[in-house]
Engineer: 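First, the structure itself, so that you have it in front of you.
These numbers come from a predicted model, not from an experiment.
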Amino acid sequence: MGRQSTPDPATAPSAAPAAAPPAAPASPALATIAVVGLGTMGTGIAEVLTRAGREVIGIDTDEAAVRRARTALEATTARAVRRERMTERERQDALSRFRTFGELRAARDADLVIEVVPEDYELKREVFTALDGIVRPDTILATGTNALSVTRLAADSLRPERVLGVHFFNPAPAMKLVEVVSSVLTAPTAVAAVTTLAHELGKDPIAVGDRPGFVADGLLFGYLNQAAAMYESKYATREDIDAAMRLGCGLPMGPLALLDLIGVDTARTVLEAMYAESRDRLHAPAPILGQLADAGLTGRKAGRGFYTYEAPGSATVVPDAQTPADGVEGGAAAGRPVRSVGVAGSGTMASGIAEVFAKAGFAVVLAARGQEKAERAKDRIAKSLARSVDKGRLTAEARDAALAAITPAGSLDAFADVDLAVEAVAEDLAVKQQLFRTLDKVCKPGAVLATTTSSLPVVACARATSRPQDVIGMHFFNPAPAMKLVEVVRTVLTGDDVHATVRAVCTKVRKHPVDCGDRAGFIVNALLFPYLNNAVKMVQEHYASLDDIDAAMKLGGGYPMGPFELLDVVGLDVSLAIEKVLHAAFRDPGLAPAPLLEHLVAAGCLGRKTGRGFREYARR
């Protein structure tokens, strides 16, 4: 208890500080609340409670931690007054409700005790054992753990029915989610009382059972662990992994930057607890986490983790030995000139890619199976450009120039003079291989041939040609005009000049290229879809509801969409196909598609496009 509490792992740094809820009349049952451990999380929880009208007893044996907590509360409430989110009188009242002490016996009159000491079971057990002899028989004891067993703490207590978990997210004043965790021993009345308190604090509580990580961290940390393992294998750079997940999934931070913020040592502790429970290899901590932690390179707090920081505690990244030098990312080879681009396909992705190239000033040939399909694809582009004009994102002159740059064609023969050919046809290897055989015959020597596949081996397309050195992957994300990311996928046969050409083209069309090798899922899908699959398993096991899981990831992790919202948008059939590819490629049992996902696909429930997936949608 003398150490500073560990910051909470599930941090969404992009969350703007929320206005505190108005002071509420104190609940008769939970009017006085003790917070044990005045580190980052404990101080944040104390602020939330005092500003909502509770009497708060802050307890920490470390006098410096007590001083920091009071100073922090004074500073945050003063800032709230300056921003007119509370009056000076309300500030003084809040500060008067926060009393600090150095001994646990100060909790004797508390209706609820929230423990937020570091993630060490013996330390927490020591706190709960001491509290058993101090507090009233009806006092609720809550642990703020996100990794350790609530059930075990309850079983070691003299009053197991009064023990539960209450997991706030960092920063507690801003983050809306609170996970209320009950064990098989917890009395429903205790859960109800804490849930009511969370509502009165202006939070969104979800009720979950006791398993390591609960909902939000249970899904988050498997993903973070895989990202660490991906980096450790040298499959992609730390910068490219983080950029891929930010730009490809709309996340507030990349996984490696988030691990540095959480603390590499904290992440390893959480994963060890999860693995001990699940025995899922996806939860077995990547060795690099242990290596960094043992070396004291625990992230921002140490000034160095996956990245190097200006100083311990700083958020400013500074260059180090692993930082790519300016202008070197594309390799030393010079690229080939690209003036004209051929796009094969007539669907949404093909139209979007053609629009991207046309707006960037390239001459574009849009080829489909038949002139009529190609004309319809160009009409789709015209509508998209018109919407951009209506929204003020594009001038009428730029729209007209882009449309004039696109030539629809009913055959790949029109690709005879293009410098870059990009296919965006069905995600079927046999179909793509046949198309590449045709491109090999039609396209001029020196033309770069690219596939937009998201899950198939690029080298299999390359081997269908007589010039595999000219073949590369360019994985655009849907909708292509809006999404900034392109995964540039090299095979073992791809020429350096082809790689340099594609990176330069990505920059010219104002996309962010990330480099990766030719393996299943590349970066984004290899990290995203196991996370989605694990969310399905949570529902399948009746651990949490669709709504609670979606809320947990949006409110607790800063995700733009919950996993089930995203699955229904992507399409359950598409998701299942990618899961199968990942499972077949990596042979990891933890990657096997959840049976519930397979059953829904077999029933024709494919998501929004069919009107029913994990949820039902109104038919258009």
Engineer: Is it the case that the side chain of Asn533 and the backbone of Ala594 share a donor-acceptor pair, with hydrogens and angles ignored and the cut-off at 3.5 Å?
Structural biologist: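 Yes, the answer is positive, given that a donor and an acceptor are paired below the 3.5 Å cut-off.
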
Engineer: So do the side chains of Cys249 and Val524 get within less than 4.5 Å of each other, counting heavy atoms only?
Structural biologist: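 Of all side-chain heavy-atom pairs linking Val524 with Cys249, at least one is under 4.5 Å.
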
Engineer: Going by an N to O cut-off under 4.0 Å, is there a salt bridge joining Asp210 and Arg152?
Structural biologist: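 No salt bridge links Asp210 with Arg152.
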
Engineer: Looking at CG of Asp419 and SG of Cys443, how far apart are the two atoms once the value is rounded to the nearest 0.5 Å?
Structural biologist: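 Here the rounded value is 10.0 Å.
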
Engineer: Any salt bridge between Asp260 and Arg304, counting N to O under 4.0 Å?
Structural biologist: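 No, this pair does not count.
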
Engineer: Test your reading of the model: is there a side-chain donor-acceptor pair from Lys511 to the backbone of Phe476, 3.5 Å cut-off?
Structural biologist: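 Checking the backbone N and O of Phe476 against the side chain of Lys511, no donor-acceptor pair under 3.5 Å is found.
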
Engineer: How far apart are the closest heavy atoms of Ala552 and Val215, and which atoms are they?
Structural biologist: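 Looking at all heavy atoms of both residues, the closest pair is CB-CG1, 3.5 Å.
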
Engineer: Hey, are Asp440 and Ser466 close enough side-chain-wise for a donor-acceptor pair under 3.5 Å?
Structural biologist: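 Asp440 and Ser466 do have a side-chain donor-acceptor pair below 3.5 Å.
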
Engineer: Checking Leu566 against Leu528 for the side-chain contact (heavy atoms from CB on, under 4.5 Å) test, could you report, in this order, the C-alpha distance in whole Å, the side-chain angles of both residues, the deciding distance, and whether it holds?
Structural biologist: CA-CA 10 Å; Leu566 183 56; Leu528 174 64; 4.0 Å; yes

Engineer: Between Glu272 and Arg268, is there a side-chain N and carboxylate O pair less than 4.0 Å apart?
Structural biologist: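 Salt bridge between Glu272 and Arg268, a charged N being under 4.0 Å from a carboxylate O: no.
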
Engineer: For the backbone of Leu576 and the side chain of Glu598, can you confirm whether one donor and one acceptor N or O come within less than 3.5 Å of each other?
Structural biologist: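 Here the side-chain-to-backbone pair does not exist.
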
Engineer: Salt bridge check: are Arg211 and Glu277 linked by an N-O gap of less than 4.0 Å?
Structural biologist: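 Looking at Arg211 and Glu277, the cut-off is not met.
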
Engineer: State whether the side chain of Arg336 and the backbone N or O of Gly446 hold a donor-acceptor pair below 3.5 Å, judged by distance alone.
Structural biologist: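 Yes, because the side chain of Arg336 sits within donor-acceptor range (under 3.5 Å) of the backbone of Gly446.
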
Engineer: Return the CD to NE2 distance between Gln226 and His283, rounded to the nearest 0.5 Å.
Structural biologist: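 NE2 of His283 is found 8.5 Å from CD of Gln226.
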
Engineer: Distance-only, no hydrogens or angles: does the Thr323 side chain make a donor-acceptor pair with backbone N or O of Asp320 under 3.5 Å?
Structural biologist: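 Side chain of Thr323 to backbone of Asp320, a donor-acceptor pair under 3.5 Å: yes, one is there.
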
Engineer: What pair of heavy atoms forms the shortest contact from Val489 to Gly517, and how long is it?
Structural biologist: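 The answer is CG1-O, 3.5 Å.
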
Engineer: Where do Pro285 and Leu271 come nearest, in terms of heavy atoms and distance?
Structural biologist: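 The pair with the smallest heavy-atom distance is CG-CB, 3.7 Å.
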
Engineer: Find the distance between CG (Asp548) and CE (Met553) and round it off to the nearest 0.5 Å.
Structural biologist: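 One gets 13.0 Å once the value is rounded to the nearest 0.5 Å.
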
Engineer: Check whether any side-chain N or O of Arg510 sits under 3.5 Å from a backbone N or O of Thr507 as a donor-acceptor pair, and report yes or no.
Structural biologist: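 No.
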
Engineer: Which heavy atom of Met175 sits nearest to which heavy atom of Gly556, and what is that distance?
Structural biologist: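 That would be CE-O, 3.7 Å.
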
Engineer: Got Leu546 and Val539 here, is their nearest side-chain heavy-atom distance under 4.5 Å?
Structural biologist: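 In contact.
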
Engineer: Between Thr145 and Val181, does a side-chain contact (heavy atoms from CB on, under 4.5 Å) hold up when you go through it step by step?
Structural biologist: CA-CA 10 Å; Thr145 185; Val181 189; over 6 Å; no

Engineer: If you compare all heavy atoms of Gly218 against all heavy atoms of Met274, which two are closest, and at what distance to 0.1 Å?
Structural biologist: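 Nearest pair, atom of Gly218 first, then Met274: O-CE, 3.3 Å.
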
Engineer: Less than 4.5 Å apart, any side-chain heavy atom of Glu487 and any of Ile523?
Structural biologist: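 Counting from C-beta outward, Glu487 and Ile523 do come under 4.5 Å.
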
Engineer: In the structure I gave you, are the side-chain heavy atoms of Leu485 and Val514 within less than 4.5 Å of one another anywhere?
Structural biologist: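 Yes, close enough: below the 4.5 Å cut-off.
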
Engineer: Please check: side-chain N/O of Asn225 versus main-chain N/O of Ala284, any donor-acceptor pairing under 3.5 Å?
Structural biologist: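 Side chain of Asn225 to backbone of Ala284, a donor-acceptor pair under 3.5 Å: yes, one is there.
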
Engineer: To the nearest 0.5 Å, tell me how far Leu219 CG sits from Met538 CE.
Structural biologist: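 Rounded to the nearest 0.5 Å, the CG-CE separation comes out at 4.0 Å.
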
Engineer: In Å and rounded to the nearest 0.5 Å, what is the CZ to OG distance from Phe529 to Ser455?
Structural biologist: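 If I round to the nearest 0.5 Å, the distance is 9.0 Å.
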
Engineer: Quick one, Val418 and Phe362 - any side-chain contact, counting heavy atoms below 4.5 Å?
Structural biologist: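 Val418 does not reach Phe362 side chain to side chain.
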
Engineer: Does Lys124 use its side chain to pair, donor to acceptor, with the backbone of Val117 at less than 3.5 Å?
Structural biologist: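 Yes, the answer is positive, given that a donor and an acceptor are paired below the 3.5 Å cut-off.
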
Engineer: Short question: side chain of Thr438, backbone of Gln434 - any donor-acceptor pair under 3.5 Å?
Structural biologist: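 Yes, the answer is positive, given that a donor and an acceptor are paired below the 3.5 Å cut-off.
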
Engineer: Where the side chain of Asp217 meets the backbone of Asn146, is there a donor-acceptor pair that is under 3.5 Å apart?
Structural biologist: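 Not at all, since once roles are kept as given, no pair shorter than 3.5 Å links the two residues.
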
Engineer: Which heavy atom of Met349 sits nearest to which heavy atom of Ala424, and what is that distance?
Structural biologist: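 Of all heavy-atom pairs spanning Met349 and Ala424, the closest is CG-CB, 4.2 Å.
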
Engineer: Between Thr269 and Thr266, does any side-chain donor sit less than 3.5 Å from a side-chain acceptor?
Structural biologist: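 Distance-only check fails for Thr269 and Thr266.
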
Engineer: To the nearest 0.5 angstrom, please state how far the CD atom of Glu541 sits from the CG atom of Asn534.
Structural biologist: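 One gets 9.0 Å once the value is rounded to the nearest 0.5 Å.
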
Engineer: Tell me which one of Arg615, Lys554, Arg608 satisfies salt bridge (Lys or Arg N to Asp or Glu O under 4.0 Å) with Glu565.
Structural biologist: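 Of the listed options, the one satisfying the test is Lys554.
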
Engineer: Decide yes or no on side-chain contact (heavy atoms from CB on, under 4.5 Å) for Lys508 and Val338, but give the supporting numbers first.
Structural biologist: CA-CA 10 Å; Lys508 189 170 181 181; Val338 176; over 6 Å; no

Engineer: I'd like to know whether NZ of Lys444 has more than 12 heavy-atom contacts from other residues, nucleotides or ligands below 6.0 angstrom.
Structural biologist: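 Yes, enclosed.
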
Engineer: Would you call the rings of Tyr307 and Tyr309 parallel, tilted or perpendicular, taking 30° and 60° as the class edges?
Structural biologist: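 Judged by the thresholds at 30° and 60°, the geometry between Tyr307 and Tyr309 is perpendicular.
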
Engineer: Angle between ring planes, Tyr531 versus Tyr223, binned at 30° and 60°: parallel, tilted or perpendicular?
Structural biologist: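 Judged by the thresholds at 30° and 60°, the geometry between Tyr531 and Tyr223 is tilted.
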
Engineer: Report the C-alpha separation of Asp550 and Tyr559 in whole Å, then their side-chain angles, then the decisive distance to 0.1 Å, and conclude whether the side-chain contact (heavy atoms from CB on, under 4.5 Å) test is met.
Structural biologist: CA-CA 9 Å; Asp550 276 355; Tyr559 282 60; over 6 Å; no

Engineer: Can you check whether Phe564 reaches Val536 side chain to side chain, under 4.5 Å on heavy atoms?
Structural biologist: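 Yes; the side chains approach each other to less than 4.5 Å.
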
Engineer: So, do Leu456 and Thr451 sit near enough that their side-chain heavy atoms are less than 4.5 Å apart?
Structural biologist: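 They are not in contact (no side-chain heavy atoms under 4.5 Å apart), so the answer is no.
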
Engineer: Hey, does Leu493 have a side-chain heavy atom less than 4.5 Å from the side chain of Val471?
Structural biologist: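 When only atoms from C-beta onward are counted, Leu493 and Val471 do not touch, as no gap falls below 4.5 Å.
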
